[in-house]
Structures are given as C-alpha cells and as structure tokens.
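Sequence lines set the chain letters: A, B, ... in the order given, protein chains first and strands last, and positions in each chain run from 1. Here the structure is a predicted model, which is why all the values come from computation and not from measurement.
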Amino acid sequence: MLDLNFVRDNLPLVEEKLRQRGMNPADVLKDFHALDTERRQAITQNETLQARRNRASEEIAKLKKSGQDATALIQETKDLREQIQTSEKKAADAEVRLREILTAIPNLPHASVPVGTSAEQNVEARRWGSPPQFDFKPKPHWELGEELGVLDLERAAKISGARFAVYWALGARLERALSNFMLDLHTRDHGYTEVLPPYMVNSESMYGTGQLPKFASDLFRVPHGEKDLWLIPTAEVPVTNLYRDEVLDAAGLPISLTAYTPCFRSEAGSYGKDVRGIIRQHQFQKVELVKFARPENSYDELEELTRNAEAVLQQLGLHYRVMTLCTADMGFSSAKTYDIEVWLPGQGLFREISSCSNFEAFQARRANIRYRPEGKNKTELVHTLNGSALAVGRTWVAILENYQQADGSIRIPEALQPYMGADKIPARST
RNA sequence: GGAGAGGUGGCCGAGUGGUUGAUGGCUCCGGUCUUGAAAACCGGCAUACCUGAAAGGGUAUCGGGGGUUCGAAUCCCUCCCUCUCCGCCA
C-alpha cells in the first residue's frame, strides 16, 4: 500500500508510474481525488460535533459537582449524539471506499527499473556459466523422471489431481538433498537464520504481504469456523508477517531469515500452460530468503539477496542468467525485481527459478512493521525484501536436464553428493 | 472439548464511571557532573488522523467489534488471543 499523503501530493507521478506498469491510471485511481476530499470533510464535520459534545460533558460534570441542575445540557448532548452517529458513519464510509482504492494501487517501480510494455523488455543483467554440451539429444525432465522411476505424475493425478507430483526413491531424496543443501548454504555462509513457519495463515497475514484482497483466486482457502485460513503460496507470507505490528530493534537490522516450506497455488487461469512435467504445480517446495532492512540501504540488500540466490546455482554448476524485470512484468507489491532464469537443455530455454524483490515500505505499511532509527523518537517503516533461493522443484528439474548422461543416468554435482549419499542416479537396468 | 485467570504506551506495571492519554519504573534522547565512561541528578519522550502558512487547535486510540450513559480503560454483550488445570491426541 502506498502512503495516502504521498499519493495526494504526487498524483502526476503516481499516474506516470501506473502508465509505466501498463495500467490506465483512471481505472486504478478512479475518483481518488473526490473521495479524498469527501473523506476529509466528513472527518472534520464529525470531529467538530464530537468536540462540542466533549465540552458539554465537561460542563455537566462541573455543574453536577457544584450541585446545580444540568438537565438542559444533558438534553443537548442527547441530540448531539444522534448527529454524531450519522456523521461518524459518513466518515467511516468514505474511509472504507478510499482505502479500497488505495489498497488496489500497485507499488511504484523504482527509478532504476527499465520501462517496458511486456516481459520482452526485461533486461538481462548478467549471465553465468555456459550451457552443457551433449553428443545426444537431451531429454526433458518428464521423460527422464519417468524412465528413471523417480517421478510419478500418473499416480499423483490419481490421488490428488493434475498439477501434483509424487517423487520416488532417489527422486525424493534429491528433493531433500537440495533443500538441505540450500538451507545449509544460507545459514552457514550467508548469515540467514532458519525459521519453520506455519503453512496456513489467517487473512490478515495475506493482506499484509499483498495477496489479499486482490488475488484471492490464486490461493487455496481453508474454511475454519467463522474465519478462513489460507495455504501459503510462498514462505514470504508467514515469514514477513512474523513481525507484523511490531517495532524492530534498529541495531538488529537487517534481519535475514530463510525458510523451507511447501507453497500452494491454485494456478487458476493458467490452464493449458506448462502442462508437461512439474514446472507449474499446485504444490511445490521452496527455500525462501526474507530480509527486513533500513530504507537507506535496502537496494544494497536486494543485490546481496540476489547474489545469495545465485550462489546456489553456481555451486550446483547450473548455467543461468539474471533478468531485471521491466515495469510491465513486475508483481503487484514490488518496486524492483530480479528474476533468475536457469538453463533447461531438455526444453532448450531459460526458465525462472528465483524471483528477488525489494518491496520498499509497501508491505511494511500494510503489515505495520517499523523500527526506531537511532537518536529518533519517531518510528519508521522498514523495507521488506524476499527471493527464492531456490524453487526446489525447478532446481530438481534443472539437475535432471543438465546432468543427464548418454547412458540415461544423472550425474550428481559435487556440492550435492554429501547430501545425496551418491554421485549419480543410475539408469534403470532394464 | 470442559473449568478458571488474564490481555493497559517500545518494555514492565498501577488504575473500577467525570481534566486519566492514562501514576510509577525501564529503555531511549538532551543536559549537568567527569580526562573519558559509568553512577547520580535535572529535563524530554505514545500513535494515527483532521485543521492551520506556522505557532497552535481538535478528534480518536487502554486486545477487536457492539451496547449502556450527558460522559467508559473502568459497567454489559460478543469475538479473538495468552496462561493454568482437566479430558483427548501425533
């Protein structure tokens, strides 16, 4: 959420940034200006009435103390009460409508974000390694997984449905090895603290990180008594909300957390997209990095967080490129995003395996996460950042496709071998 | 699931209908003292919103919502959360 005063005072800038995102400012802002005025008038009127009532009440107290009659004044405040109830409702109404508009405004792209109209205009920031060379035609992971007996989509469909997967034997072990390897790397070498959060959260948390109210259809909702719980679409939600409504110790910033969790996404509206293999699933696992940073250096933290995610791919020897998302391709809450795309030789393309974003104060304002700068009495909103490091399922895919051998086996990269307890996934003997 | 206790400012903790936004302590900030620091002492310190050029003025907030009352941190209803005991349970 943007700051109300900021939007009011910088309307032309906000409109320009919305256009850069490919949106029509009029559709997003609607009658913001009129509503803003209406809201303030309603509040002023309401508070004027309340002030009158308060003065009368004080007067009544004085009269009663000195034993005088206060009947007339009491009657007056009774009348006032009805007027106040009306004006209160009017003010609350305007507040709600204005807030609806405000919460629907996406974050403004940072000045360093390339302006573009589609994903085509994302800018490659850098590229690491080189694609592996094959003297045979590399296969996609869904063929490899089936031939090796480590991936079972048929039975997953039977027990759950489309967009679910069952991993068998060394396939299951590879998932576990990857997640352990990533968590160890981030906690040991990159200074992150590991957390294991709940996989279901309440609506307030989904609101805090921006999934609600706009994107409910992307989520799995779990009815629970009067209220709903939601399956987390990313660890970003529970981990960022850890500090919702808190004032953080300035000396402790930045706070760097990592979490391995399953992620659940309804993928409504993506029918027919990525139907082969396990690229797009209702449930996948991910190691997430989350940072709470001071505003003045949050962009340095974004660079570091992105490098931390890249380190996973480097240690696994996987070729990748880093893309700076253009204004049109960024998520709703983000001010700047880097996507890391890993090379998948079986499909002959780069595929997103991580997305690292700085949300600046956008989430912190919604979730009310603040800190007190040294020497100041006022609190300030922190900046929140997060990125996948990495999406484990897609890393699993990258290992299979990049390390497939002519004999049908999969070589395990050295860094992963202690976690696998093996140097390859052998081809089936048949 | 049953019974009971409790939720007050960044933290701890008073306060049961009328200048209580709220005593006190801690933290933090400024100052005095000190070679420097600590200690001690003095002073300051909630948040949001409305209004105003500013100084200032105003309104709301004692877990959330609703009610009683001229007036609620204080009384009533309801929801949420925490703790203790019992039951059940991985």
Side-chain angles (χ1 to χ4, degrees), chain A residues 1-9 32-103 196-208 222-230 238 241-253 255 292 294 361 364-382:
Chain A
M1 184 168 70
L2 298 177
D3 179 60
L4 172 63
N5 294 312
F6 177 86
V7 176
R8 180 189 304 137
D9 297 339
F32 171 87
H33 186 72
L35 257 180
D36 178 54
T37 309
E38 184 185 326
R39 168 181 167 272
R40 285 188 287 164
Q41 281 172 352
I43 288 174
T44 304
Q45 190 201 7
N46 180 46
E47 290 185 349
T48 307
L49 289 169
Q50 285 178 321
R52 264 164 65 189
R53 181 198 55 193
N54 288 347
R55 273 198 301 276
S57 278
E58 270 176 48
E59 207 50 42
I60 289 167
K62 275 183 203 161
L63 287 176
K64 288 209 162 178
K65 243 178 201 167
S66 60
Q68 290 175 273
D69 176 58
T71 320
L73 260 183
I74 288 176
Q75 185 55 46
E76 190 189 321
T77 51
K78 274 185 178 171
D79 297 341
L80 266 175
R81 187 148 66 122
E82 280 176 33
Q83 292 179 48
I84 287 170
Q85 275 169 356
T86 310
S87 68
E88 221 164 38
K89 196 178 172 312
K90 211 169 135 195
D93 242 49
E95 183 96 43
V96 166
R97 283 187 294 153
L98 188 66
R99 197 178 173 83
E100 262 169 29
I101 290 177
L102 206 58
T103 54
L196 198 161
Y199 303 155
M200 291 193 276
V201 298
N202 55 33
S203 300
E204 288 78 7
S205 295
M206 285 296 183
Y207 180 87
V222 183
H224 181 247
E226 297 291 302
K227 287 187 169 181
D228 292 332
L229 288 173
W230 306 81
N241 277 284
L242 283 174
Y243 294 120
R244 175 149 50 85
D245 293 320
E246 291 192 27
V247 177
L248 303 176
D249 179 19
L253 296 177
I255 295 172
F292 302 83
R294 295 166 189 271
R365 187 171 294 109
R366 287 177 164 234
N368 191 27
I369 307 171
R370 299 164 293 158
Y371 78 108
R372 197 181 305 275
E374 289 89 344
K376 289 196 181 169
N377 272 326
K378 264 206 166 313
T379 56
E380 274 180 34
L381 296 166
V382 300

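- The separation of B:C12 from B:C28, taken at their C1' atoms, amounts to 15 Å, rounded to a whole angstrom.
- Residue A:E58 is classed as having no contact, given no heavy-atom separation below 4.0 Å to the nucleic acid.
- Across all strands shown, B:C89 remains unpaired; no Watson-Crick or G-U wobble contact has both distances below 3.5 Å.
- Within a 6.0 Å radius of CZ in A:R8, other residues, nucleotides and ligands contribute more than 12 heavy atoms.
- Summary of the strand contacts: A:D3 and A:R53 both lie near RNA chain B, and taking for each the nucleotide with the nearest heavy atom, the more 5' one is attributed to A:D3.
- If you take CD of A:E82 and P of B:U68, they are 11 Å apart, rounded to a whole angstrom.
- Contact annotation for A:A56: no contact, since no heavy-atom pair falls under 4.0 Å across all strands.
- Relative to the side chain of A:K78, the nucleotides B:G58, B:U51, B:C70 differ in distance, and B:C70 lies closest.
- Among the atoms of the strands shown, none is found under 4.0 Å from any heavy atom of A:N46.
- Under the 4.5 Å side-chain criterion, counting only non-hydrogen atoms from C-beta, A:L98 is in contact with A:L4.
- In this structure, the nucleotide among B:C50, B:G18, B:A60 sitting nearest to the side chain of A:R8 is B:C50.
- Contact of the A:N241 side chain with the A:E204 side chain is not registered, since no non-hydrogen atoms from C-beta on lie closer than 4.5 Å.
- For A:R55 and B:G57, the CZ to P distance is 14 Å, given to the nearest whole Å.
- For the atom pair CG (A:L102) and CZ (A:R366), the distance works out to 9.0 Å, reported to the nearest 0.5 Å.
- Around the CZ atom of A:R52, the shell of radius 6.0 Å holds no more than 12 heavy atoms that belong to other residues, nucleotides or ligands.
- As judged by a 4.0 angstrom heavy-atom cut-off over every strand, A:R39 is placed among residues touching the sugar-phosphate backbone only.
- Pairing for B:U59 is with B:A48, a Watson-Crick or G-U wobble pair whose two hydrogen-bonding atom distances lie under 3.5 Å.
- Comparing the C1' positions of B:G30 and B:G15 gives an interatomic distance of 31 Å, to the nearest angstrom.
- Spacing between atom CD1 of A:I60 and atom P of B:U19 amounts to 14 Å, rounded to whole angstrom units.
- Taking the P atom of each, B:C11 and B:G87 are spaced 36 Å apart, rounded to whole Å.
- Contacts of A:L73 with the nucleic acid, taken as non-hydrogen atoms under 4.0 Å apart, are absent.
- Spacing between atom CD of A:Q45 and atom P of B:C49 amounts to 21 Å, rounded to whole angstrom units.
- At a threshold of 4.0 angstrom between heavy atoms, the contacts of A:T77 are confined to the sugar-phosphate backbone, with no base atom among them.
- In this structure, the CD atom of A:E380 is 16 Å from the P atom of B:G10, given to the nearest Å.
- At a cut-off of 3.5 Å, with distance as the only test, no side-chain donor of A:N54 or A:S57 sits close to an acceptor on the other residue.
- Nearer to the 5' terminus of RNA chain B, by closest-nucleotide assignment, is the contact made by A:E95 (compared with the other of A:Q50 and A:E95).
- Here the separation of B:G13 from B:C62, taken at their C1' atoms, is 13 Å to the nearest Å.
- A:R99 comes within 4.0 angstrom of nothing in the nucleic acid, heavy atoms only.
- With B:C70, B:U51, B:A60 as the candidates, the nucleotide lying closest to the side chain of A:R40 is B:U51.
- Nucleotide B:A38 has no partner under the Watson-Crick or G-U criteria, as no pair reaches both atom distances under 3.5 Å.
- Atom name P, nucleotides B:G52 and B:G44: the rounded distance is 31 Å, in whole Å.
- For the pair A:Y243 and A:L248, the tightest heavy-atom approach, listed with the atom from each and the gap, is CD2-CD2, 3.4 Å.
- Looking at heavy-atom distances under 4.0 Å, A:R81 makes contact with a base.
- B:U27 and B:C33 have their P atoms separated by 22 Å, with the value rounded to a whole Å.
- Across every strand in view, B:C11 sits in a pair with B:G25 that passes the Watson-Crick or G-U test at under 3.5 angstrom.
- The distance between atom CG of A:L63 and atom P of B:G18, rounded to the nearest whole Å, is 17 Å.
- Look at the P atom in both B:G21 and B:A60: the space between them is 10 Å, to the nearest Å.
- Remark: B:G4 base-pairs with B:C83; criterion is Watson-Crick or G-U wobble with both hydrogen-bond distances under 3.5 Å.
- In the set B:G58, B:C50, B:A60, B:G58 carries the atom at the smallest distance from any side-chain atom of A:A51.
- For the residue pair A:Q75 and A:D79, a side-chain donor N or O sits within less than 3.5 Å of a side-chain acceptor on the partner.
- Distances were taken from every side-chain heavy atom of A:A61 (C-beta onward) to each of B:G18, B:U69, B:C49; the shortest belongs to B:G18.
- Going from atom CG of A:N54 over to atom C1' of B:U61 covers 14 Å, rounded to whole Å.
- Nucleotide B:G18: paired with B:C70 (Watson-Crick or G-U wobble, both distances less than 3.5 Å).
- Atom CD1 of A:I84 is separated from atom P of B:U69 by 15 Å (rounded to the nearest Å).
- Between B:C42 and B:U47, the distance separating the two P atoms is 25 Å to the nearest Å.
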